[in-house]
Asks: 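Before anything else, here's the structure in question.
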Amino acid sequence: MGSATSSMAAKFAFFPPDPPSYSIYVDVSTGKMRMSDVVHQREDVDVLKLSTKRGNEIVAMYVKNPSASMTVLYSHGNAADLGQMYHIFTELSLHLGVNLMGYDYSGYGQSSGKASEQDTYADVEAAYKCLEETYGVKEEDIILYGQSVGSGPTLELAIHLPRLRAVILHSPILSGLRVMYPVKRTFWFDIYKNIDKIPLVNCPVLVIHGTEDEVVDFSHGKQLWELCKEKYEPLWLKGGNHCNLELYPEYLKHLRKFITAVEKLPRLQFESGEISEQSENSSSATEQKSRASTDYREKSRPSIGQREKSRLSTDNREKSRTSTDKREKSRRSMDRSGKARNSTDQSERARNSFDRLGDMVRSVGLCNVDCLKQTALEA
């Protein structure tokens, strides 16, 4: 019975594009793997095949940004694969100033196997290990991004990474069953039990959700945010649905603000199971120790957004933030004018506007983040 129920849930949850939007080939001139049917591929994007602990081989892509200090590990939504997300990922890397790794779940794109909840957990783990072992990315410099169904593997990985820098949840689900039915408790056969995992995440969490989401009700994102330990100011996009949040100007603006905020946080150092926080000066260290002790005592913790506002008024932090502020002003200027970030990046000028990203989202407009929609309509 349990196996049958789990199998049925998997069929309801996963809708990989059929046929896949791309195939893989090796460029004879460089020896690097490339994606067919993807125009204007970039030299700073690595295409990889990764082995998972469940015996599948998944396809991943890594977008390099030379100015980045943070790396985003992006778990995409349903009904999409890397061929469709390729240019969206490269645009996000450029606009947000981050390295970005995206991957296809088992059974998606050119990844082998068949999608299931447990396979997606193994998939995201393989992508994370690649960041660590191949690219030397440290846990504390990683931001996990989960879109719709991708919120499941994102939170599963997040609860096992104590030094993780941050989590972003984009149109997330409370659980698979809760998308279809307003159940009040968690059943053993449910999938992606995010409602039970989110309180275990110890890093800052940003939640983004549209108020008119017709697939995953806005209440899912709202409740997950309320259950967060480290709340960051959420982004509730009025009128936004499940498939168009990237089209809102507030989307990129809020993401930039969040990433800038978490970049300023001191790195966490874990010793003997206890958390101690390093900082560059004694006043910062004192503040962080006080906040850590308060966090252990209080169930209701202040949001990182509120702490950031208070830190903005402290003069002795202005110097350390100068380079970051200049970079942020430069990015804002880029968005307004559509000009390149520097004079040597002539070939990227057409890519430096928000409209470019919006056009890409529209072109994938098959609802690249669709989650459980077929089942919801049939129910």
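Quick caveat: nothing in here was measured; it's all calculated off a predicted structure.
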Asks: Between atom CG of Asn202 and atom SG of Cys228, what is the distance when rounded to the nearest 0.5 Å?
Replies: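 If we round to the nearest 0.5 Å, Asn202:CG and Cys228:SG are 11.0 Å apart.
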Asks: Evaluate the side-chain proximity of Lys197 to Tyr192: yes if any heavy-atom separation is below 4.5 Å, no if none is.
Replies: no
Asks: Determine the minimum heavy-atom distance between Pro17 and Tyr108, stating which atoms define it.
Replies: CD-CD2, 4.0 Å
Asks: Main chain of Val59, side chain of Asp104: is a donor-acceptor contact present, judged purely on distance under 3.5 Å?
Replies: no
Asks: Given side chains that start at C-beta, do those of Ile168 and Gln147 come closer than 4.5 Å, heavy atoms only?
Replies: no
Asks: Quick check: does any side chain N or O of Lys231 sit under 3.5 Å from a backbone N or O of Glu226, one acting as donor and the other as acceptor?
Replies: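 Here the side-chain-to-backbone pair exists.
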Asks: Which pair of non-hydrogen atoms, one from Asn56 and one from Gly113, has the smallest distance, and what is that distance?
Replies: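 Heavy-atom minimum between the residues: OD1-CA, 3.4 Å.
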Asks: Less than 4.5 Å apart, any side-chain heavy atom of Tyr103 and any of Ser111?
Replies: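 Not in contact.
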Asks: Compute whether any side-chain donor of one residue and acceptor of the other, for Ser148 and His170, lie under 3.5 angstrom apart.
Replies: no
Asks: Between Glu125 and Glu156, is a side-chain contact (heavy atoms from CB on, under 4.5 Å) present by the stated rule, with each step listed?
Replies: CA-CA 9 Å; Glu125 182 181 336; Glu156 173 65 18; over 6 Å; no
Asks: Would the distance check show the side chain of Asn99 and the main-chain N or O of Asn65 forming a donor-acceptor pair, the cut-off being under 3.5 Å?
Replies: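 Answer holds: yes.
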Asks: Just how far is it from atom NZ of Lys193 to atom CD1 of Ile198, taken to the nearest 0.5 Å?
Replies: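 CD1 of Ile198 is found 16.0 Å from NZ of Lys193.
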Asks: Can Leu131 and Thr71 be said to form a side-chain contact (heavy atoms from CB on, under 4.5 Å), step by step?
Replies: CA-CA 9 Å; Leu131 286 178; Thr71 297; 3.9 Å; yes
Asks: For the pair His209 (side chain) and Asn241 (backbone), establish whether a donor and an acceptor sit closer than 3.5 Å, ignoring hydrogens and angles.
Replies: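 Side chain of His209 to backbone of Asn241, a donor-acceptor pair under 3.5 Å: no, none is there.
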Asks: Which atom names give the shortest non-hydrogen contact between Leu174 and His220, and what distance separates them?
Replies: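 Distance-wise, the nearest heavy atoms are N-ND1, 2.9 Å.
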Asks: For Ser36, is there any backbone N or O sitting under 3.5 Å from a side-chain donor or acceptor partner on Ser23?
Replies: no
Asks: For the side chain of His254 and the backbone of Glu233, is there at least one donor-acceptor N/O pair under 3.5 Å apart?
Replies: yes
Asks: Test of understanding: clusters of I, L, V, M, F, W, Y form through side-chain heavy atoms closer than 4.5 Å, transitively. Do Leu82 and Tyr25 belong to the same one?
Replies: no
Asks: When you measure from the centre of the six-membered ring of Tyr181, is the NZ or CZ of Arg178 under 6.0 Å away and within 45° of the axis?
Replies: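 No.
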Asks: How far does NZ of Lys53 sit from CD of Gln118, to the nearest 0.5 angstrom?
Replies: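 Reported to 0.5 Å precision, the distance equals 8.5 Å.
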Asks: Do Arg163 and Cys203 have side chains that get closer than 4.5 Å, going by heavy atoms?
Replies: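 Side-chain contact under 4.5 Å: no.
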Asks: When you compare the side chain of Lys253 with that of Lys257, does any pair of heavy atoms fall below 4.5 Å?
Replies: no
Asks: Closer than 3.5 angstrom, by distance alone: can the side chain of Arg165 be matched with the main-chain N or O of Glu140 as a donor-acceptor pair?
Replies: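 Confirmed, Arg165 side chain pairs with Glu140 backbone.
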Asks: Quick check: are there more than 12 heavy atoms from other residues, nucleotides or ligands sitting under 6.0 Å from NZ of Lys64?
Replies: yes
Asks: I'd like to know if the side chain of Thr52 and the backbone of Asp123 have a donor-acceptor N/O pair within less than 3.5 Å.
Replies: no
Asks: Which heavy atom of Leu206 sits nearest to which heavy atom of Pro234, and what is that distance?
Replies: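 So the minimum-distance heavy-atom pair works out to CD1-CA, 4.2 Å.
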Asks: Please confirm whether Phe89 and Tyr74 have ring centers closer than 6.0 angstrom.
Replies: yes
Asks: Looking only at the side chains, is there a donor atom on one of His95 and Glu91 sitting less than 3.5 Å from an acceptor on the other?
Replies: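 Side chains of His95 and Glu91: pair found under 3.5 Å.
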Asks: Tell me whether Thr211 contacts the main-chain N or O of Gly239 through its side chain, where contact means a donor paired with an acceptor under 3.5 Å.
Replies: yes
Asks: So Phe218 and Trp236, would you call those rings parallel, tilted or perpendicular, with 30° and 60° as cut-offs?
Replies: perpendicular
Asks: Find out if a path of hydrophobic residues (ILVMFWY) with successive side-chain heavy-atom gaps under 4.5 Å connects Trp188 to Leu177.
Replies: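 Looking at the clustering, Leu177 is in the same group as Trp188.
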Asks: With a 6.0 Å cut-off on the ring centroids, do Tyr248 and Tyr251 count as close?
Replies: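 Judged by ring-centre distance (under 6.0 Å), Tyr248 and Tyr251 do not meet the cut-off.
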Asks: Heavy atoms only: give me the nearest Pro162-His160 pair and the separation to one decimal.
Replies: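 Distance-wise, the nearest heavy atoms are CD-O, 3.4 Å.
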Asks: Output yes when Asp119 and Arg54 qualify as a salt bridge under the 4.0 Å nitrogen-oxygen rule, no when they do not.
Replies: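 Here Asp119 pairs with Arg54 in a salt bridge, since their nearest N and O are under 4.0 Å apart.
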Asks: Atom OG1 of Thr90 and atom CE of Met85: how far apart are they, to the nearest 0.5 Å?
Replies: 10.5 Å
Asks: Do Glu212 and Leu237 have side-chain heavy atoms sitting under 4.5 Å apart?
Replies: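 Side-chain contact under 4.5 Å: no.
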Asks: What do the steps show when you test Val205 against Val207 for side-chain contact (heavy atoms from CB on, under 4.5 Å), and what is the final call?
Replies: CA-CA 6 Å; Val205 178; Val207 181; 4.1 Å; yes
Asks: Measure across Gly221 and Pro172 and return the closest heavy-atom pair with its distance rounded to 0.1 Å.
Replies: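 Scanning both residues, the minimum pair turns out to be CA-CG, 4.1 Å.
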Asks: I need the Met180 CE to Ser175 OG distance, nearest 0.5 Å.
Replies: 8.5 Å
Asks: I'd like to know if the side chain of Gln84 reaches the main chain of Asp81, judged simply by a donor and an acceptor atom lying under 3.5 Å from each other, with no hydrogens or angles considered.
Replies: yes
Asks: Going from NZ on Lys32 to CG on Asp27, what distance comes out if it is rounded to the nearest 0.5 angstrom?
Replies: 9.0 Å
Asks: With side-chain contact (heavy atoms from CB on, under 4.5 Å) as the test, would you mind laying out the steps for Leu235 and Glu250 before giving the verdict?
Replies: CA-CA 8 Å; Leu235 179 59; Glu250 300 97 315; 4.2 Å; yes
Asks: Do Val98 and Ile143 make a side-chain contact, defined as non-hydrogen atoms from C-beta onward lying under 4.5 Å apart?
Replies: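 Of all side-chain heavy-atom pairs linking Ile143 with Val98, none is under 4.5 Å.
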Asks: May I ask you to test the Val63-Arg42 pair for a side-chain heavy-atom distance under 4.5 Å?
Replies: yes
Asks: Below 30° counts as parallel, above 60° as perpendicular, anything between as tilted: where do the rings of Tyr135 and Tyr62 land?
Replies: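 Judged by the thresholds at 30° and 60°, the geometry between Tyr135 and Tyr62 is parallel.
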